[in-house]
Amino acid sequence: EGREALHHLSAGLKHLRRATSETAIGGLLGTRSLRIGIVDDFENNVGPDLAVILASRMPRAKFAISMVLSHQAADLVRKGELDVAVATERDDNGPGIHSEPLLRDPFLVAMPQDIQSDAAALFAGDGALPFLRFNPQHMIGKQIEAHLARNRVSLAERYAFDSVQSIMAVIASGGGWSIITPVGCARAQGFSLGVRLHPLPIASFARTITLLSRDDFDRPAAQAIASLFRQSVRRLAVDPLGSACPWLKDTFELIEPKG
C-alpha cells in the first residue's frame with residue numbers, strides 16, 4: 001500500500017509540474033541556449049525542479065544551471081557568462097541590468113524545539129545558548145549584522161558558518177540559535193523537526209529575491225523563467241511553510257509582476 005501511495009503521489013506531482021509550467025514555458029519556445037545562475041539557497045529544491053521542467057519541455061535546447069553567490073550574480077550576467085540569475089537584490093546592480101522582484105523572504109528567529117527561552121530573551125543575551133552567525137562576508141551575513149546594528153542589538157561573536165544547513169544542524173542539536181529566512185529553512189528541512197521558528201522580537205526586515213538579466217535580453221524568455229520560478233517556489237516553500245507557520249503567510253510571499 002505504501003509503494004502504491006508513493007507511486008500515485010509521484011504521478012500527481014509530475015502532472016502538477018507539467019500543468020503549471022505549460023503557460024510559462026511558451027516564452028522559451030524559441031530559445032536555443034540558456035544559462036541560468038541560482039543562489040545556493042535553492043540548490044536542494046527549486047533548482048532541481050527547474051532542471052526537470054526545462055529538460056522535459058526544451059529537449060532540443062542547450063541549457064545550464066549553476067550555483068552563484070548573490071554579490072557576484074549581476075557581474076556574471078553583465079559579462080555574458082550567464083543569461084539570467086536568481087539572486088538576492090542589492091542596492092545597486094550597476095548599469096545594463098534589469099531586475100524583476102520574485103519573492104519576499106523575511107528574516108526570523110530559529111531556536112531549538114525544546115528550549116524554554118523566548119525570542120526576546122535570546123536577543124537580550126539571557127540564557128546559555130550562543131548566537132550562530134552567517135559568514136559576515138556573505139550578503140545574508142551583512143544584512144543580518146546591519147539590522148542588528150540598526151536596532152542596537154549586540155550579540156557575542158563565537159560561531160560563524162557559510163551554510164544554513166550547518167546552522168540548522170547545530171540548532172536542531174540544541175547548540176545555539178540564529179536568524180534565518182524561510183527559504184533557508186526550506187533548504188535545510190532535514191533538520192526542521194528539531195527547530196522552532198518565531199517572528200523577530202525587534203523590527204521586522206526581509207530580503208528580496210530577484211531575477212537579473214541584461215537590459216537587451218529577450219523579455220518573454222526572462223518572464224517565462226520568472227514565472228516558472230514563482231510556481232516552483234510556491235509549491236516547494238511558500239505553501240508548505242505557510243501551512244506549518246500561519247503567521248508567515250503575510251510576509252513570506254511571492255511578488256507578482258505589475259500589470
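The figures here come from the full heavy-atom set of this structure, side chains too, leaving out hydrogens, waters and symmetry mates.
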Query raised in the report: Which heavy atom in Gly174 sits nearest to a heavy atom in Leu129, and how many Å separate them?
Result: O-CD2, 3.3 Å
Query raised in the report: Could you state the interatomic distance from OG (Ser213) to CD1 (Ile36), rounded to the nearest 0.5 Å?
Result: 11.5 Å
Query - 4.5 Å side-chain heavy-atom contact, Pro112 and Val195 - result: no
**Report entry** Separation of Arg230 CZ from Arg234 CZ (nearest 0.5 Å)
**Finding:** 10.0 Å
Query raised in the report: Does a donor on one side chain sit under 3.5 Å from an acceptor on the other, for Glu100 and Thr210?
Result: no
Requested in this report: Please assess Phe123 against Trp177 for the test ring pair (Phe, Tyr, Trp, His ring centres under 6.0 Å), listing each intermediate value before the final yes or no.
Outcome: CA-CA 10 Å; Phe123 271 72; Trp177 68 279; 5.2 Å; yes
Report task. Give, for atom CG of Leu82 and atom CG of Leu212, the distance between the pair rounded to the nearest 0.5 Å. Result -> 9.5 Å
Query raised in the report: Less than 4.5 Å apart, any side-chain heavy atom of Gln113 and any of Leu193?
Result: no
**Report entry** Full working for side chain to side chain contact (heavy atoms under 4.5 Å, CB included) between Ile167 and Tyr159
**Finding:** CA-CA 9 Å; Ile167 288 176; Tyr159 304 113; over 6 Å; no
Report task. Look only at the side chain of Arg104 and the backbone of Thr251, and say whether a donor-acceptor pair between them is shorter than 3.5 Å. Result -> yes
Report task. Using the side chain to side chain contact (heavy atoms under 4.5 Å, CB included) rule, take Asp49 and Leu236 through it: C-alpha gap first, then chi angles, then the decisive distance, then the call. Result -> CA-CA 9 Å; Asp49 196 58; Leu236 296 173; 3.9 Å; yes
Requested in this report: Give a yes or no answer on whether the side chain of Ser243 reaches the backbone of Asp239 with a donor-acceptor pair at less than 3.5 Å.
Outcome: yes
Query raised in the report: To the nearest 0.5 Å, what is the distance between CD1 (Ile115) and CG (Leu122)?
Result: 5.0 Å
Query - Arg35 side chain vs Gly80 backbone, donor-acceptor pair below 3.5 Å - result: yes
Query - Pairwise side-chain contact, Ile202 with Val153, heavy-atom cut-off 4.5 Å (strictly under) - result: yes
Requested in this report: Report whether Val238 and Ile255 are members of the same hydrophobic cluster (ILVMFWY, side-chain heavy atoms less than 4.5 Å apart, transitive linking).
Outcome: no
Query raised in the report: So, the side chain of Ser166 versus the backbone of Phe161: is there a donor-acceptor pair under 3.5 Å, distance only?
Result: no
Report summary line: Interatomic distance, OG@Ser154 vs CZ@Phe131, rounded to 0.5 Å, equals 11.0 Å
Query raised in the report: Which pairs count as side-chain hydrogen bond (donor to acceptor under 3.5 Å, both in side chains) when at least one residue sits in residues 128-145, sequence neighbours excluded?
Result: Arg133-Glu145, Asn135-Asp162
Query - Whether Ser173 side chain and Val170 backbone form a donor-acceptor pair below 3.5 Å - result: yes
**Report entry** Flag side-chain contact, heavy atom, 4.5 Å: Leu108 against Ile179
**Finding:** no
Query - Heavy-atom pair of closest approach, residues Ala237 and Ala186 - result: CB-CB, 4.1 Å
Query - Note: Arg196-Asp114 ion pair, threshold 4.0 Å (strictly below) - result: no
Query raised in the report: Could you state the interatomic distance from CD1 (Ile209) to CG (Leu254), rounded to the nearest 0.5 Å?
Result: 11.5 Å
**Report entry** Main-chain N/O of Val183 paired to Asp105 side chain as donor or acceptor, under 3.5 Å
**Finding:** yes
Query raised in the report: Does Arg207 use its side chain to pair, donor to acceptor, with the backbone of Leu103 at less than 3.5 Å?
Result: no
Query raised in the report: Taking it one step at a time, do Arg214 and His98 satisfy side chain to side chain contact (heavy atoms under 4.5 Å, CB included)?
Result: CA-CA 6 Å; Arg214 292 183 301 279; His98 176 82; over 6 Å; no
Report task. May I ask whether Leu211 and Phe63 are part of the same hydrophobic cluster, defined by side-chain heavy atoms of I, L, V, M, F, W, Y residues being less than 4.5 angstrom apart, directly or through others? Result -> yes
Query raised in the report: Would you say Ile225 and Leu34 make side-chain contact, with heavy atoms under 4.5 Å?
Result: yes
Report task. For Ser56 and Val52, indicate whether the former's side chain and the latter's backbone hold a donor-acceptor pair under 3.5 Å. Result -> yes
Query raised in the report: Quick one: does Leu228's side chain get under 4.5 Å of Ile53's, heavy atoms only?
Result: yes
Report summary line: Heavy atoms of Ala85 and Ala73 approach each other most closely as CB-CB, 4.0 Å
Query raised in the report: Would you say Ile140 and Leu155 are hydrophobically clustered, going by side-chain heavy atoms of ILVMFWY under 4.5 Å?
Result: yes
Query raised in the report: Would Phe42 and Leu50 count as a side chain to side chain contact (heavy atoms under 4.5 Å, CB included) if you check the C-alpha gap in whole Å, the side-chain angles of each, and the deciding distance to 0.1 Å?
Result: CA-CA 10 Å; Phe42 300 104; Leu50 288 179; over 6 Å; no
Query raised in the report: Between Ile180 and Met139, is there a shared hydrophobic cluster once you connect ILVMFWY residues whose side-chain heavy atoms come closer than 4.5 Å?
Result: no
Query raised in the report: Is the His147 ring parallel, tilted or perpendicular to the Phe205 ring (thresholds 30°, 60°)?
Result: parallel
Report task. Spell out, as yes or no, whether a donor-acceptor pair under 3.5 Å connects the side chain of Asp40 to the backbone of Met67. Result -> no
Report task. Compare all side-chain heavy atoms of Val109 with those of Leu197 and state whether any distance is below 4.5 angstrom. Result -> no
Query - Side chain to side chain, Ser117 and Met111, heavy atoms closer than 4.5 Å - result: no
**Report entry** More than 12 heavy atoms from other groups under 6.0 Å of CG on Asp215
**Finding:** yes
Query raised in the report: Does Glu43 pair with Arg187 as a salt bridge, N-O distance under 4.0 Å?
Result: yes
